Asks: 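Before I ask anything, let me first share the structure, which is written out below as structure tokens.
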2 protein chains.
Amino acid sequence: MRADAERNRARILDTAIAAFAAEGLGVSVQEIARRAGVGTGTVSRHFPTKDALFEAIVASRVGRIVDRVQDLAELPDQQGAFVEFLTILTEEGAANVGIAQAFAGAGYDMDAAAAAVGYDFDAAMAAALHRAQDAHVVRADADVADIKALMVSCMSRGSADQATRARMIDIVARGLRPPESAGG
Amino acid sequence: MRADAERNRARILDTAIAAFAAEGLGVSVQEIARRAGVGTGTVSRHFPTKDALFEAIVASRVGRIVDRVQDLAELPDQQGAFVEFLTILTEEGAANVGIAQAFAGAGYDMDAAAAAVGYDFDAAMAAALHRAQDAHVVRADADVADIKALMVSCMSRGSADQATRARMIDIVARGLRPPESAGG
DNA sequence: GACTATCCGGGATGGCCGTCCCGGTTGTCA
DNA sequence: TGACAACCGGGACGGCCATCCCGGATAGTC
């Protein structure tokens with residue numbers, strides 16, 4: 001691979017990741033080319049489809065998310081661990097509009113993109129949920145799709161202040177508690 | 001207005017409402033024209049923009065929603081009334097993909113469209129929330145935007161079975177309870 | 001310093017969309 | 001029944017998009 005080709009590829013990748021993170025997946029390929037200072041042909045040669053660019057943003061974030069979620073298994077306090085799990089997802093979505101949109105299912109398959117870069121996002125979510133359920137911190141009838149749907153709500157308040165996001169997480173976490181446990 | 005013109009207008013309106021309800025706001029104007037058995041020009045003459053068609057779907061539903069929500073003020077059991085409020089929104093969204101998308105903010109301003117047909121959707125939501133908060137059924141720090149965001153989650157499970165939707169409502173309703181109240 | 005495989009730029013292409021317009025038709029009323 | 005205004009159909013237009021392609025430039029090598 002020629003040096004200039006590799007340089008351009010890196011510039012396009014960085015530009016795409018930044019654009020998708022800041023403005024979402026609606027940014028056009030031409031706009032990314034313009035911002036990267038290259039032609040549209042150069043983009044589509046390195047990344048034949050927009051999905052390939054989308055994978056870039058997933059790859060840049062999902063690994064970190066999965067790792068952080070898996071680390072929570074070590075914590076002794078599973079109640080705190082589950083809240084932290086919700087917080088991680090919410091804050092990642094708030095910090096990255098593209099991630100939030102992908103999470104909400106805006107035309108891209110996040111699980112597939114994660115799998116393409118070697119991560120099983122769905123399994124990580126399921127594991128975190130089941131840990132919380134085994135510790136009787138989350139009601140047994142909740143499933144992964146419930147969590148995903150609720151996370152979309154939290155992420156959608158990403159542009160609001162931090163207190164709002166924390167409140168949303170608190171609402172969701174309380175709602176997911178086993179019915180028999182007392183509130184507070 | 002000529003009789004055939006009025007006939008066509010009604011056919012287009014019915015077709016648009018049905019299409020948006022069943023498949024969402026992504027259905028093209030040309031497709032609506034095709035299904036209504038008219039030309040695209042006929043559609044755009046009666047409804048100059050797609051927003052005008054979108055207003056049709058809002059008008060066909062939002063009035064009923066607002067009325068049902070306002071009726072809840074009469075109920076003596078405000079805990080039950082609030083759950084019913086969540087249920088109304090969820091079921092309406094589940095039954096109408098277009099409403100759910102508009103609620104999620106898919107490029108259309110639902111409040112503006114509601115206002116155009118004489119309903120103040122936002123005020124109705126705020127009133128329902130405040131009633132619940134005055135009755136100490138919902139935590140005082142929740143705001144209308146929180147409720148809207150959480151409703152998007154519930155509506156997004158609209159294609160799932162009724163038990164799933166009920167579970168989502170239960171999760172949200174519990175999460176919104178005042179922190180000091182006991183669970184169960 | 002020249003040669004060639006590689007890569008670049010950006011216009012071309014095709015698809016989908018909403019909106020506009022005009023030639024032909026039809027409903028309405030005298 | 002005739003004539004005209006209102007209306008219809010669907011193609012035209014312009015915009016936006018992702019993707020493809022080719023003439024020209026350039027990096028790497030001998």
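Please read all numbers here as calculations on a predicted model, not as lab measurements. Both backbone and side-chain heavy atoms feed into the values below; hydrogens, waters and symmetry mates do not. Naming: A, B, ... by sequence-line order, numbering from 1 per chain.
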Asks: Between A:I57 and A:L53, does a side chain to side chain contact (heavy atoms under 4.5 Å, CB included) hold up when you go through it step by step?
Replies: CA-CA 7 Å; A:I57 195 180; A:L53 277 174; over 6 Å; no
Asks: Over how many whole Å does the gap from B:R11 atom CZ to D:dC7 atom P extend?
Replies: 17 Å
Asks: Test side chain to side chain contact (heavy atoms under 4.5 Å, CB included) on A:R68 and A:F85 and set out the steps.
Replies: CA-CA 8 Å; A:R68 288 179 69 189; A:F85 164 63; over 6 Å; no
Asks: Rounded off to whole Å, could you give me the CZ-to-P distance for the B:R34 and C:dC17 pair?
Replies: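 Distance, rounded to whole Å: 12 Å.
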Asks: In whole Å, I'd like the distance from the CD1 atom of A:I32 to the P atom of C:dG9.
Replies: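 Value for this atom pair: 15 Å.
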Asks: Show each protein N/O and nucleotides 27-30 of chain D N/O combination with a separation under 3.5 Å, one pair to a line.
Replies:
residue : atom : partner : partner atom : Å
D:dG28  : OP1  : A:A3    : N            : 3.1

Asks: For A:I32 and A:T15, which heavy atoms make the closest approach, and how far apart are they?
Replies: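 Between these two residues, the closest heavy atoms are O-CG2, 3.7 Å.
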Asks: So, for A:D143 and A:D146, which heavy atoms are closest and what is the spacing to 0.1 Å?
Replies: OD1-N, 2.8 Å
Asks: Going by heavy atoms in the side chains, are B:Y119 and B:V58 under 4.5 Å from each other?
Replies: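 The answer is no; the side chains never approach within 4.5 Å.
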Asks: Show the nearest heavy-atom pair for residues A:Q162 and A:E91, with the distance to one decimal.
Replies: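 Here A:Q162 and A:E91 meet closest at NE2-OE2, 3.8 Å.
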Asks: Could you check how far CG of A:D51 sits from C1' of D:dC17, rounded to whole Å?
Replies: 14 Å
Asks: Measure from CZ on A:F47 to P on C:dC8 and round the result to the nearest Å.
Replies: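 Between P of C:dC8 and CZ of A:F47: 11 Å.
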Asks: Polar atoms only, N or O, under 3.5 Å: list the protein pairs with nucleotides 9-13 of chain D and their distances.
Replies:
residue : atom : partner : partner atom : Å
D:dG9   : OP2  : B:G39   : N            : 3.0
D:dG9   : OP2  : B:T42   : OG1          : 2.5
D:dG10  : N7   : B:T40   : N            : 3.3
D:dG10  : N7   : B:T40   : OG1          : 3.2
D:dG10  : N7   : B:G41   : N            : 3.1
D:dG10  : O6   : B:G41   : N            : 3.0
D:dG11  : O6   : B:T40   : OG1          : 3.0

Asks: Could you check A:K148 against A:V152 for side chain to side chain contact (heavy atoms under 4.5 Å, CB included), going step by step and ending with a plain yes or no?
Replies: CA-CA 6 Å; A:K148 284 186 175 180; A:V152 171; 5.8 Å; no
Asks: Calculate the interatomic distance between A:E31 atom CD and C:dG10 atom P; express it in whole Å.
Replies: 14 Å
Asks: Can you measure B:F54 atom CZ to C:dG18 atom P for me and round it to whole angstrom units?
Replies: 14 Å
Asks: Would A:Q133 and A:L129 count as a side chain to side chain contact (heavy atoms under 4.5 Å, CB included) if you check the C-alpha gap in whole Å, the side-chain angles of each, and the deciding distance to 0.1 Å?
Replies: CA-CA 6 Å; A:Q133 286 174 325; A:L129 173 61; 3.8 Å; yes
Asks: Is the shortest side-chain N/O distance from B:H46 to OP1 or OP2 of D:dC8 below 4.0 Å?
Replies: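 The answer is yes; a side-chain N or O of B:H46 sits under 4.0 Å from OP1 or OP2.
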Asks: Is the shortest side-chain heavy-atom distance between A:P179 and B:R174 below 4.5 Å?
Replies: yes
Asks: Taking atom C1' of C:dC8 as reference, at what distance in whole Å does atom CZ of A:R9 sit?
Replies: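 Interatomic distance, CZ of A:R9 to C1' of C:dC8: 16 Å.
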